[in-house]
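Sequential numbering from 1 along the given sequence is applied to the chain's residues.
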Amino acid sequence: MADRVPAYRRIATDLAEKIRDGVYRPGDALPAQRELSASYGVTLMTLRQALQELRDQGLIVQQAGRGTYVTPAHAAYRVDTLRSFVEDLREQGHEVTTVVLSLENGVLERLRLLDGQPAIHQTSRIAVPLAPTVDFRVVSLYSALAEAGAVIARASERIVPGLLPEDVAGFLDRPAGSPVFVSERTTVGLDESILVEDRAIILGDLMEIRAERAATRLSLQWGSSVDLG
């Protein structure tokens with residue numbers, strides 16, 4: 001007689017099928033653990049074993065104090081080009097919304113929402129005088145620089161893991177101390193003068209870095225977890 005399948009594995013299999021069938025879509029929150037354990041008629045310990053199985057399969061992510069979510073679909077953001085976050089992500093089919101938090105004394109603070117979800121907090125220190133009528137909700141910073149006559153020669157970017165600072169946590173709707181990526185990009189002109197210094201705080205539970213290697217080039221990409229529907 002075949003061994004009896006453990007309860008936690010049957011639950012994990014059922015939840016995995018629901019995720020793959022679209023009952024729970026990428027980025028969706030699963031029901032609370034107590035609700036799930038009651039619906040399957042098992043203890044919390046058994047339910048948590050099932051969730052561990054799903055985590056090991058990469059199907060779910062758990063956020064302290066927030067709950068359990070289906071692992072979101074990933075979208076790539078290339079960091080080997082001089083294009084903006086918005087240009088790359090929109091090219092992949094994402095709806096990107098920019099909220100201007102402040103613009104004062106050459107410092108532009110923005111919040112990027114991907115498909116309605118806060119994902120990136122970006123602060124840009126701009127050395128070039130820009131037209132006062134620029135609407136950064138719809139115009140990229142690089143486009144505004146070009147309109148101001150600035151010629152971009154190159155940009156260097158440094159990306160490190162970090163923890164979400166308290167003063168940004170509210171904007172990104174995550175607890176302070178959550179894992180993040182910190183991107184620091186310096187954009188320079190033809191005369192090697194600094195045009196922009198960018199600092200972007202990117203949610204670590206929604207993003208990944210990808211690399212594509214070819215014989216003649218290395219292409220690095222961000223991956224941002226957003227449900228494309």
Could you tell me whether the side chain of [X] and the main chain of [Y] form a donor-acceptor pair under 3.5 Å?
X	Y	result
Ser143	Val139	no
Asp135	Arg137	yes
Asp14	Ile11	no

Determine whether [X] and [Y] make a side-chain contact, defined as any pair of heavy atoms from C-beta on separated by less than 4.5 Å.
X	Y	answer
Glu184	Asp198	no
Leu145	Val196	yes
Ile60	Leu30	yes
Thr13	Leu15	no
Leu47	Gln49	no
Leu195	Ile126	no
Ser183	Ile202	yes
Leu130	Phe136	yes

Q) So, Thr46 versus Tyr40: side-chain donor-acceptor pair below 3.5 Å or not? A) no
Q) Are Ser124 and Arg110 linked by a side-chain donor-acceptor pair shorter than 3.5 Å? A)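 Note: Ser124 and Arg110 side chains meet the donor-acceptor criterion.
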Q | Side-chain hydrophobic cluster, 4.5 Å single linkage: members besides Val61 | A |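 Same cluster as Val61: Tyr69.
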Q: Tell me, with the steps shown, if Arg199 and Glu109 meet salt bridge (charged side-chain N to carboxylate O under 4.0 Å, His left out).
A: CA-CA 10 Å; Arg199 179 179 174 86; Glu109 184 182 10; over 6 Å; no
Q) Yes or no on side-chain hydrogen bond (donor to acceptor under 3.5 Å, both in side chains) for Arg112 and Thr98, after CA distance, side-chain angles and deciding distance? A) CA-CA 5 Å; Arg112 309 291 199 173; Thr98 297; 2.6 Å; yes
Q. Residues two or more places apart in sequence or in another chain: which of them pass ring pair (Phe, Tyr, Trp, His ring centres under 6.0 Å) with Tyr8?
A. none
**Q.** Over all atoms of both residues, closest heavy-atom pair of Leu172 and Ala119
**A.**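 Looking at all heavy atoms of both residues, the shortest contact is CD2-C, 3.7 Å.
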**Q.** Nearest non-hydrogen partners of Thr187 and Ala155, listed with the distance
**A.** OG1-CB, 3.8 Å
Q: Could I get the full list of side-chain contact (heavy atoms from CB on, under 4.5 Å) partners for Val160, not counting sequence neighbours?
A: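 Listed in chain order: Arg158, Val182.
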Q. Could Arg125 and Glu197 be called an ion pair, given the rule that one side-chain N must be under 4.0 Å from one carboxylate O?
A. no
Q: Evaluate side chain to side chain contact (heavy atoms under 4.5 Å, CB included) for Val100 paired with Leu108, printing each intermediate quantity in order.
A: CA-CA 8 Å; Val100 178; Leu108 171 63; 4.0 Å; yes
Q. Does a sphere of radius 6.0 Å around CD in Glu192 hold more than 12 heavy atoms from other residues, nucleotides or ligands, not counting ones at 6.0 Å or beyond?
A.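 Yes, CD of Glu192 has more than 12 neighbouring heavy atoms, counting only those of other groups under 6.0 Å.
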